[in-house]
Amino acid sequence: MITCILLSAGLSERFGSPKALAQLYGTTVIEHLQKKILQTACDEIIVVLGAHADQIQPFIFNHSRIRVVYNKDYNLGQTSSVKAGWREVNSSTGVMFFPVDCPLIQTSTIDKVIRHFKKHDPDILVPSYQNKKGHPPIFHQRLRSKILDLPTGLGLNSLFADHPPQTIEIDDPGIIESFNTPEEFETIISKR
């Protein structure tokens, strides 16, 4: 089983409003991503909310494969959301982390990453585009305790030294396209 943790708890300070609610193809980014992930081999989606939870919650689908977790420590950064999401994972072998500010990743990419993970069983699998590592990575359940013990100041990539990630080269520039400001958002969507 594969769980996708959709990280949407951040303050979005540089964006000026919740990134999850940015308009993309006539819908919000958070709705676009839920629709996209539901079309893939992910067995469940855990949406982590924090800052702006009241504004984002109405855009979360009522779906049997989607659950919402509230990260009360969202002001401590993304690692706190990673941990809040992972605490809710039950029997999945792999956990995929999907930041809400990476909306252009193709569904076929998600499925390729999952297939590769299931076939090769690495500790960590990271997709790359033209040799640049991107999203969404998958972490094996056997790293659960290490992730839950991570100091909030350290990101998931701090595990790479002891657990070098396997990479899979994918022809999808969306895996390295993210946004923090309205200008960056306009730039990435104007390429499509």
Side-chain angles (χ1 to χ4, degrees), residues 1-15 18-21 29-30 33-34 36-38 40-57 59-61 63-103 105 110 113-114 117-118 121-127 133-167 175 178-180:
M1 203 166 128
I2 302 292
T3 296
C4 178
I5 296 181
L6 184 50
L7 299 164
S8 188
L11 292 161
S12 300
E13 286 175 308
R14 286 188 282 164
F15 197 67
K19 290 191 271 190
L21 302 182
V29 163
I30 192 87
L33 285 174
Q34 290 170 91
K36 187 177 278 194
I37 298 164
L38 284 169
T40 70
C42 279
D43 298 286
E44 66 172 353
I45 302 169
I46 296 174
V47 183
V48 183
L49 298 181
H52 316 293
D54 293 347
Q55 290 170 264
I56 300 168
Q57 181 75 52
F59 296 92
I60 305 299
F61 297 169
H63 193 284
S64 59
R65 283 165 57 199
I66 297 177
R67 289 187 287 143
V68 175
V69 175
Y70 178 72
N71 173 21
K72 63 180 175 30
D73 298 321
Y74 63 83
N75 58 326
L76 297 177
Q78 194 175 71
T79 298
S80 68
S81 292
V82 162
K83 290 157 79 167
W86 196 302
R87 281 187 207 102
E88 296 297 313
V89 175
N90 297 320
S91 54
S92 289
T93 309
V95 179
M96 174 178 278
F97 290 101
F98 207 121
V100 77
D101 57 12
C102 296
I105 296 167
I110 298 167
V113 172
I114 290 171
F117 178 83
K118 287 180 172 177
D121 199 44
D123 284 346
I124 304 169
L125 177 62
V126 178
K133 289 187 178 84
H135 291 286
I138 300 186
F139 287 72
H140 200 285
Q141 180 70 265
R142 57 184 168 253
L143 297 183
R144 176 186 175 91
S145 60
K146 290 194 173 185
I147 287 170
L148 292 179
D149 290 341
L150 267 181
T152 43
L154 290 180
L156 285 171
N157 57 0
S158 64
L159 298 173
F160 291 2
D162 291 336
H163 304 275
Q166 201 173 102
T167 57
I175 70 170
S178 64
F179 68 95
N180 284 306

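In this structure, Leu7 CG and Thr79 OG1 are separated by 9.5 Å, a value rounded to the nearest 0.5 Å. In this structure, the separation between CG on Leu21 and CD on Gln55 is 6.5 Å, given to the nearest 0.5 Å. Atom CE of Met96 sits about 4.0 Å away from atom CD1 of Ile138, to the nearest 0.5 Å. In this structure, SG in Cys4 is found 11.5 Å from NZ in Lys36, a value given to the nearest 0.5 Å. Rounding to the nearest 0.5 Å gives a distance of 8.5 Å between CG of Leu154 and CG of Leu159.
Looking at residues two or more places apart in sequence or on another chain, you find no salt bridge (charged side-chain N to carboxylate O under 4.0 Å, His left out) involving Arg87. In this structure, Arg14 has no salt bridge (charged side-chain N to carboxylate O under 4.0 Å, His left out) partners at least two apart in sequence or on a different chain. By the ring-ring contact (aromatic ring centres under 6.0 Å, His included) test, His52 pairs with no residue at all, sequence neighbours left out. The side chain to side chain donor-acceptor pair (under 3.5 Å) search around Asn180 returns Lys19, not counting sequence neighbours. Scored by the ring-ring contact (aromatic ring centres under 6.0 Å, His included) test, Phe98 finds no partners at all (sequence neighbours excluded). Judged as a side chain to side chain donor-acceptor pair (under 3.5 Å), and not counting sequence neighbours, Gln57 has no contacts. Applying the side chain to side chain donor-acceptor pair (under 3.5 Å) criterion to Ser12, with sequence neighbours excluded, gives no partner residue. Checked against salt bridge (charged side-chain N to carboxylate O under 4.0 Å, His left out), Asp43 has no partners two or more places apart in sequence or in another chain. A search for ring-ring contact (aromatic ring centres under 6.0 Å, His included) contacts involving Phe179 returns Phe15, Phe185, not counting sequence neighbours. Looking at residues two or more places apart in sequence or on another chain, you find no ring-ring contact (aromatic ring centres under 6.0 Å, His included) involving Tyr74. The side chain to side chain donor-acceptor pair (under 3.5 Å) search around Thr3 returns Glu44, Ser92, not counting sequence neighbours.
Asn71 approaches Ala84 most closely through the heavy-atom pair CB-CB, 3.9 Å. The minimum heavy-atom distance linking Pro136 with Ile105 is given by the pair CD-CD1, 3.9 Å. Of all non-hydrogen atoms in Phe97 and His135, the two that sit nearest each other are O-ND1, 4.3 Å. Across all non-hydrogen atoms, the minimal contact from Asn90 to Arg67 is ND2-NH2, 4.2 Å. Closest approach of Phe59 and Ile30 over heavy atoms only: CB-CG2, 3.6 Å. Ile56 approaches Ala51 most closely through the heavy-atom pair CD1-O, 4.1 Å.
Atom NZ of Lys72 is surrounded by 12 or fewer heavy atoms from other residues, nucleotides or ligands within 6.0 Å. Within 6.0 Å of the CG atom in Asp54, the count of heavy atoms belonging to other residues, nucleotides or ligands does not exceed 12.
The backbone N or O of Asp73 sits less than 3.5 Å from a side-chain atom of Ser80, completing a donor-acceptor pair.
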Notebook entry, point to check: When you look at Ile2 and Lys118, which way does the side chain to side chain contact (heavy atoms under 4.5 Å, CB included) test go after all the steps?
Noted result: CA-CA 9 Å; Ile2 302 292; Lys118 287 180 172 177; 3.8 Å; yes
Notebook entry, point to check: Does the pair Val48 and Val82 meet the rule for a side chain to side chain contact (heavy atoms under 4.5 Å, CB included), with working shown?
Noted result: CA-CA 8 Å; Val48 183; Val82 162; over 6 Å; no
Next item on the list: Please report the C-alpha distance between Ile66 and Leu38 in whole Å, then the side-chain angles of each, then the deciding distance to 0.1 Å, and finally whether the side chain to side chain contact (heavy atoms under 4.5 Å, CB included) criterion is met.
Entry: CA-CA 9 Å; Ile66 297 177; Leu38 284 169; 4.0 Å; yes
Checklist line | Worked check of side chain to side chain contact (heavy atoms under 4.5 Å, CB included) between Val69 and Ile5 | finding: CA-CA 10 Å; Val69 175; Ile5 296 181; over 6 Å; no
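At a threshold of 4.5 Å between non-hydrogen side-chain atoms, the residues Asp101 and Val29 do not count as touching. Phe117 has its side chain out of reach of Gln166: every pair of non-hydrogen atoms, C-beta onward, lies at least 4.5 Å apart. For the pair Val89 and Gln141, the minimum side-chain heavy-atom distance is below 4.5 Å.
Between Phe139 and Phe160, the angle of the ring planes stays under 30°, which puts this pair in the parallel group of the 30/60° scheme.
Residues in residues 133-146 take part in these salt bridge (charged side-chain N to carboxylate O under 4.0 Å, His left out) pairs, two or more places apart or across chains: Asp121-Arg142, Asp123-Arg142.
The side-chain contact (heavy atoms from CB on, under 4.5 Å) test with Leu33 singles out one residue from Ile45, Val47, Leu6, and that residue is Leu6.
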